[in-house]
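Heavy-atom basis, side chains included; hydrogens, waters and symmetry copies ignored.
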Amino acid sequence: SKVTLLRGNHEDRNVNCALGFLQECEERLGEDFGRELWTAANDSFDLMPLSALVEESVFCTHGGIGGSLKSLRQIDMLKRPLPA
């Protein structure tokens, strides 16, 4: 078995900041280390795949990646890491 984590809209730093992820990190770990961890987590999120193809036939993606992407080729052409 193989598990692949896909990036969704909550892995976007603007979204997760607005939803309280930064605040929770700072409250639990202190302002400096909390922000450092939040930044490191988001740097990792920027590298996560947006989609996966399972057994060459099932296309998987998160519904919140945006309506501007209309083809698999557009996903393949995205530069990594995704811009902050």
Which residues pass the side chain to side chain donor-acceptor pair (under 3.5 Å) test with Gln74, sequence neighbours left out? none
Quick one: hydrophobic cluster around Leu19, which other residues, with the 4.5 Å side-chain cut-off, linked directly or via members? Val15
Report the hydrophobic cluster partners of Leu37, with the cluster defined as I, L, V, M, F, W, Y residues connected by side-chain heavy atoms closer than 4.5 angstrom, directly or transitively. Leu29, Phe33
Checking one residue: Phe45. Which other hydrophobic residues are in its cluster under the side-chain 4.5 Å linking rule? Leu5, Phe21, Leu22, Trp38, Met48
Taking only residues two or more places apart in sequence or in another chain, which ones pass side chain to side chain donor-acceptor pair (under 3.5 Å) with Asp12? none
Does anything in residues 74-83 pair up under salt bridge (charged side-chain N to carboxylate O under 4.0 Å, His left out), and if so which pairs, sequence neighbours excluded? none
Tell me which pairs pass salt bridge (charged side-chain N to carboxylate O under 4.0 Å, His left out) where either residue lies in residues 18-28, with sequence neighbours left out. Glu24-Arg28, Glu26-Arg35
Would you sort out whether Leu50 and His62 count as a side chain to side chain contact (heavy atoms under 4.5 Å, CB included), showing the intermediate values? CA-CA 7 Å; Leu50 294 174; His62 186 281; over 6 Å; no
Given a cutoff of under 4.5 Å between side-chain heavy atoms of I, L, V, M, F, W and Y, with clusters grown through shared members, what are the other residues clustered with Leu6? none
Nearest heavy-atom pair of Glu11 and Asn42: which atoms, and what distance? O-OD1, 3.8 Å
Between Asp46 (side chain) and Pro81 (backbone), is there a donor-acceptor pair under 3.5 Å? no
